[in-house]
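Worksheet: one structure, shown below.
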Amino acid sequence: MPDKIEKRIELKAPISRVWRAITDHREFGEWFRVRLEGPFVPGKESRGMITWPGYEHVVWRAIVQKMEPERLFSFTWPHARSFEKTDSPADYSAAPTTLVEFRPEAIPGGTLLVLTESGFSNIPADWREEAFLRNDGGWTQQMKNIETYVTQAS
């Protein structure tokens with residue numbers, strides 16, 4: 001079982017445009033489909049409601065780790081066992097976390113964006129594979145989403 005997911009995509013947009021799309025909370029929310037409550041701040045929790053159809057009841061939470069302009073944006077986020085709708089909000093305080101890193105790199109004609117999510121070994125073995133597969137598929141979609149976003153929005 002791999003411990004990390006890595007996705008790479010060449011975007012036909014300058015690095016400054018890609019950086020803004022991944023670090024401005026409003027822009028991130030547009031392509032990632034989450035309505036965040038405020039800006040990303042290193043060392044602070046970022047939270048909001050997912051706007052993806054069928055997941056509108058899920059609270060998105062992450063702790064911003066690093067924001068190194070046009071080099072690295074990273075956060076840790078908890079992994080809930082399921083996203084079933086309940087009457088009370090999920091308690092993520094004891095949930096295992098993984099580290100998500102976005103690394104944009106200027107290339108001729110645009111930006112290479114490398115996304116890595118690591119730390120799946122932190123997730124209990126009985127649901128590690130499900131979490132990995134769910135996120136692997138999710139990141140495949142999110143890379144398509146950011147590509148569409150940065151090439152159509154300015």
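Placement of I63 and F120 in two distinct hydrophobic clusters is found when ILVMFWY residues are connected by side-chain heavy-atom separations under 4.5 Å, directly or transitively. Transitive grouping of hydrophobic side chains (ILVMFWY, heavy atoms separated by less than 4.5 Å) brings W77 and V34 into a common cluster. Hydrophobic clustering of Ile, Leu, Val, Met, Phe, Trp and Tyr side chains at less than 4.5 Å, counting indirect connections, keeps I15 apart from M67. L133 and W52 fall within the same hydrophobic cluster, defined by Ile, Leu, Val, Met, Phe, Trp and Tyr side-chain heavy atoms under 4.5 Å apart, directly or through other members. Residues V41 and L99 do not share a hydrophobic cluster, defined by chaining ILVMFWY side chains whose heavy atoms lie under 4.5 Å apart.
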Between I50 and R35, does the side chain to side chain contact (heavy atoms under 4.5 Å, CB included) criterion hold? Intermediate values first, please. CA-CA 6 Å; I50 293 180; R35 189 176 51 257; over 6 Å; no

Apply the test salt bridge (charged side-chain N to carboxylate O under 4.0 Å, His left out) to residues R26 and E30: give CA-CA distance (whole Å), side-chain angles for both, the deciding distance (0.1 Å), then the verdict. CA-CA 6 Å; R26 291 173 298 264; E30 286 292 317; over 6 Å; no

Evaluate the criterion side-chain hydrogen bond (donor to acceptor under 3.5 Å, both in side chains) for residue pair T76 and Q65; output intermediate values, then yes/no. CA-CA 7 Å; T76 54; Q65 300 297 311; 3.2 Å; yes

Starting from the C-alpha separation in whole Å, work towards a yes-or-no answer on salt bridge (charged side-chain N to carboxylate O under 4.0 Å, His left out) for E101 and K4. CA-CA 11 Å; E101 298 176 304; K4 74 177 184 176; over 6 Å; no

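At a threshold of 4.5 Å between non-hydrogen side-chain atoms, the residues P96 and W127 count as touching. Between L113 and R8, the closest side-chain pair of non-hydrogen atoms is not below 4.5 Å. Between F132 and I5 there is a side-chain heavy-atom pair separated by less than 4.5 Å. With contacts defined as side-chain heavy-atom distances shorter than 4.5 Å, the pair I123/T98 qualifies. Residues Y149 and R17 form a side-chain contact, since some pair of their non-hydrogen atoms from C-beta on lies under 4.5 Å apart. Looking only at side-chain heavy atoms (C-beta outward), V18 and L11 come within less than 4.5 Å of each other.
Exactly one residue among K44, R47, R61 makes a salt bridge (Lys or Arg N to Asp or Glu O under 4.0 Å) with E37. That residue is R47. Exactly one residue among V114, L115, T116 makes a side chain to side chain contact (heavy atoms under 4.5 Å, CB included) with K7. That residue is L115.
Separating the CZ atom in R128 from the CG atom in D3 is a distance of 8.0 Å, to the nearest 0.5 Å. The CE atom of M49 sits 11.5 Å away from the CG atom of L36 when rounded to the nearest 0.5 Å. One distance of note links CD of E70 with CZ of R20; it measures 10.5 Å at 0.5 Å rounding. Atom CZ of F32 sits about 10.5 Å away from atom CD1 of I146, to the nearest 0.5 Å. Between the CD atom of E105 and the CG atom of L112 there is a distance of 5.5 Å, given to the nearest 0.5 Å. In this structure, E147 CD and T151 OG1 are separated by 6.0 Å, a value rounded to the nearest 0.5 Å.
With ring centers used as reference points, W60 lies under 6.0 Å from F28. Aromatic ring centres of F75 and F40: separated by at least 6.0 Å.
Around the CD atom of E10, the shell of radius 6.0 Å holds no more than 12 heavy atoms that belong to other residues, nucleotides or ligands. Sparse packing is recorded around CD of E129, with 12 or fewer heavy atoms of other residues, nucleotides or ligands lying under 6.0 Å away.
Within the 3.5 Å criterion, the main-chain N or O of E27 finds a donor-acceptor partner in the side chain of D24. Distance alone, capped at 3.5 Å, is enough to place a donor-acceptor pair between the N122 side chain and the T97 backbone. Counting only distance, with no hydrogens or angles, the side chain of Q141 and the backbone of W139 share no donor-acceptor pair below 3.5 Å. Checking side-chain atoms of T51 against main-chain N and O of R33 turns up a donor-acceptor pair under 3.5 Å.
Between W19 and P69, the closest heavy-atom pair is CZ2-CA, 3.5 Å. Nearest heavy-atom pair, P14 versus T111, reported as atom, atom and distance to 0.1 Å: C-OG1, 3.2 Å. Between A21 and V150, the shortest heavy-atom contact is CB-CG1, 3.6 Å.
Donor-acceptor pairing under 3.5 Å is lacking for the side chains of T148 and W31.
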